[in-house]
Number of protein chains: 2
Amino acid sequence: MTPKPKQTATDKREIYYRDRVRQHGQRYRQFHLPSVEVLLNLAYTYNVTATRLARAIGKHGLSLSSFNLLMILSRSGSEGCPLHEIGELLLVSRANITGLVDSLERKGLVERVADKRDRRVRVARITRTGETLLESILPGHYLELRKICSGLNNAEKASLRDLLTKLRHSVQFSQNKKRPRKSKK
Amino acid sequence: MTPKPKQTATDKREIYYRDRVRQHGQRYRQFHLPSVEVLLNLAYTYNVTATRLARAIGKHGLSLSSFNLLMILSRSGSEGCPLHEIGELLLVSRANITGLVDSLERKGLVERVADKRDRRVRVARITRTGETLLESILPGHYLELRKICSGLNNAEKASLRDLLTKLRHSVQFSQNKKRPRKSKK
DNA sequence: GGTAAATAGTTAAGGCCCTAACTATATTTT
DNA sequence: AAAATATAGTTAGGGCCTTAACTATTTACC
């Protein structure tokens, strides 16, 4: 029943993780502290950053995904972009793209067009309204990105970028080595 | 109609981003290449990593969130953990915790207990079944974390951890400075 | 001590994301 | 050329996550 120092959530998180690391470090032979710390921090930092950006974009009535989709279409211009290609660029499933394009179409920001050369494909194209909206968002967005990173100098940013890239390649490389033989339907 | 070099999705992403960076770098005054690159890579790397881990955990019938919730309760032991505290540790809303605990309760991995001291709070407690499941997952999970990071040496891991922490603080700091005055409803 | 404000949890409605199954069209194989 | 396979998109169903509104309880204030 002491006065209770009024812990913040961040404190609680740190205590929790410290405890867990200590216990599991002893209990599990495969526990590797540097790896655990990297991935814990990756998730935590991404979460904080994405939430912050999503809120900013949300003020304009868009989700982060919709915003990124508009960015892709903005680059494609009047040619548009096949839906499956959007999925590859955004790293999400085709089914999800159908839904995202539906919702942007309802808002008049995007339109679907048939592709003449391949009748299976439909192309999404940004509308004039969509371009206008995007251009109204971008200056503030790029300012926000800059502010978010303002605690790191340029050398640190470059270093972080390179280490993230290296980690990503490590993930992808270690994935490809799974199941080296025995592929059975 | 050339033979078509059969681009991979990764290639397409790189071409797309290079293009965008070139165009927006010229068009928007606030565009800051190092910041953009850091955040692009943060999102991409997190996505790849989380997807990989979610698939591994999914083979045991759990989502990443459920798994992390079980980890928290495992540390709390027989005392259990109040639902709102779980939310703070996982960085998700209270409403979401209700749903996660519901689903784990249906699977018999967790139980809800009343708190004697404060009748508002309910405490979640891991069951024996839950502990058994968790212990069957953890060795493989820690091995997976280690493999994922195997492309980085320990110095690089430590450096990445520190830079991610610094970026996170930068995000949180620049957030607190918003709206320094004039709070209106 | 009684009211106002804060806190814990739930419910409801909606968005994003997934996989699996389905339709339509193209491509490859034989 | 016909059959088998692959690809593009959609639909259906479900999981995780959010905010807003609601109930119950506790704490703070006057």
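Residue numbers start from 1 in every chain, and the chains themselves are labelled A, B, ... in the order their sequence lines are given, proteins ahead of strands.
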Whole-Å gap separating [atom2] ([N]) and [atom1] ([X]):
X	N	atom1	atom2	answer
B/Leu83	C/dT7	CG	P	17 Å
A/Asp115	D/dT7	CG	P	17 Å
A/Leu53	C/dC16	CG	P	16 Å
A/Lys107	C/dC16	NZ	P	7 Å
A/Glu85	D/dA8	CD	C1'	13 Å
A/Ile57	D/dT18	CD1	P	18 Å

Exercise for the section: Using only side-chain N and O atoms of A/Thr98, determine if any of them is under 4.0 Å from OP1 or OP2 of D/dG9. Expected result: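 The answer is no; no side-chain N or O of A/Thr98 sits under 4.0 Å from OP1 or OP2.
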Practice task
Ignoring backbone atoms, test whether A/His84 places a side-chain nitrogen or oxygen under 4.0 Å from the OP1 or OP2 oxygen of D/dT7.
Solution key: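 Negative; the distance criterion is not met.
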Exercise for the section: Output all residues satisfying salt bridge (Lys or Arg N to Asp or Glu O under 4.0 Å) with B/Arg55, sequence neighbours left out; order by chain, then residue number. Expected result: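 Partners of B/Arg55 under the salt bridge (Lys or Arg N to Asp or Glu O under 4.0 Å) test: none.
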Problem - For B/Arg106, all residues meeting salt bridge (Lys or Arg N to Asp or Glu O under 4.0 Å), sequence neighbours excluded - result: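 Residues passing salt bridge (Lys or Arg N to Asp or Glu O under 4.0 Å) with B/Arg106: none at all.
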Taking only nitrogen or oxygen atoms into account, show me every contact under 3.5 Å that the protein makes with nucleotides 12-15 of chain D, one pair per line with its distance.
none

Exercise for the section: Using the test ring-ring contact (aromatic ring centres under 6.0 Å, His included), find all partners of B/Tyr16 that sit at least two apart in sequence or belong to another chain. Expected result: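 In terms of ring-ring contact (aromatic ring centres under 6.0 Å, His included), with neighbours along the sequence ignored, B/Tyr16 is linked to no residue.
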Exercise for the section: Using side-chain contact (heavy atoms from CB on, under 4.5 Å) as the criterion, list what pairs up with B/Glu79, not counting sequence neighbours. Expected result: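 Result, side-chain contact (heavy atoms from CB on, under 4.5 Å) vs B/Glu79: none returned.
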Practice task
Mind checking side-chain contact (heavy atoms from CB on, under 4.5 Å) for A/Arg112 and listing every partner two or more places apart, or none if nothing turns up?
Solution key: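 Listed in chain order: A/Leu83, A/Thr98, A/Val101, A/Asp102, A/Glu105, A/Arg122.
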For residues 129-136 of chain B, run the donor-acceptor check on the side chains, cut-off 3.5 Å, and write out each pair with its distance to 0.1 Å, sequence neighbours left out.
from: B/Glu131; atom 1: OE1; to: B/Arg128; atom 2: NH1; distance (Å): 2.8
from: B/Thr132; atom 1: OG1; to: B/Arg128; atom 2: O; distance (Å): 2.9
from: B/Ser136; atom 1: OG; to: B/Leu133; atom 2: O; distance (Å): 2.6

Practice task
Starting at the 5' end of nucleotides 22-28 of chain C, put B wherever the base has a protein heavy atom under 4.0 Å, S where only the sugar-phosphate does, and a dash everywhere else.
Solution key: ---BS--
Exercise for the section: Would you please test B/Arg13 and A/Glu88 for salt bridge (charged side-chain N to carboxylate O under 4.0 Å, His left out) and show each step? Expected result: CA-CA 8 Å; B/Arg13 279 183 68 91; A/Glu88 290 168 16; over 6 Å; no
Practice task
Just compare D/dG9, D/dT19, C/dG9 and give me whichever is closest to any side-chain atom of B/Arg122.
Solution key: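 Minimum distance to the B/Arg122 side chain belongs to C/dG9.
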Practice task
State which of D/dT19, C/dG9, C/dC16 makes the closest approach to the side chain of A/Asn96.
Solution key: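 When the side chain of A/Asn96 is considered, C/dC16 is the closest of D/dT19, C/dG9, C/dC16.
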Exercise for the section: Answer with base, sugar-phosphate or nothing: what part of the nucleic acid does A/Leu90 contact at a heavy-atom distance below 4.0 Å? Expected result: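 If one applies the 4.0 Å heavy-atom cut-off, A/Leu90 turns out to touch nothing in the nucleic acid.
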Practice task
Have a look at B/Leu62 and say if it touches a base, only the backbone sugar-phosphate, or nothing, with a 4.0 Å heavy-atom cut-off.
Solution key: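 B/Leu62: no heavy atom of the nucleic acid under 4.0 Å.
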Problem - For B/Val123, the rest of its hydrophobic cluster, which grows through side-chain links under 4.5 angstrom - result: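 Its cluster partners, ordered by chain and number, are B/Val121.
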Handout entry: N/O donor-acceptor pair under 3.5 Å between B/Thr45 side chain and B/Asn41 backbone
Key =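 Yes, B/Thr45 side chain to B/Asn41 backbone: donor-acceptor pair under 3.5 Å.
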Practice task
Using a cut-off of strictly less than 4.0 Å between a heavy atom of the residue and any atom of DNA chain C, enumerate the qualifying residues of residues 64-75 of chain A by number.
Solution key: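 Output list: A/Ser65, A/Ser66.
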Problem - Validation row: A/Phe67, A/Leu138 side chains within 4.5 angstrom (heavy atoms) - result: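 Result yes, sub-4.5 Å side-chain heavy-atom pair found.
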List, one per line, each side-chain donor-acceptor pair under 3.5 Å for residues 25-40 of chain B, sequence neighbours excluded.
from: B/His32; atom 1: ND1; to: B/Ser35; atom 2: OG; distance (Å): 2.7
from: B/Glu37; atom 1: OE1; to: A/Arg161; atom 2: NH1; distance (Å): 2.6

Problem - A/Ile97 or A/Arg55, whichever maps to the more 5' nucleotide of DNA chain D - result: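 Upstream on the strand: A/Ile97.
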Exercise for the section: Under the side-chain hydrogen bond (donor to acceptor under 3.5 Å, both in side chains) rule, collect the residues that match up with A/Asn68, sequence neighbours excluded. Expected result: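 Listed in chain order: nothing, the list is empty.
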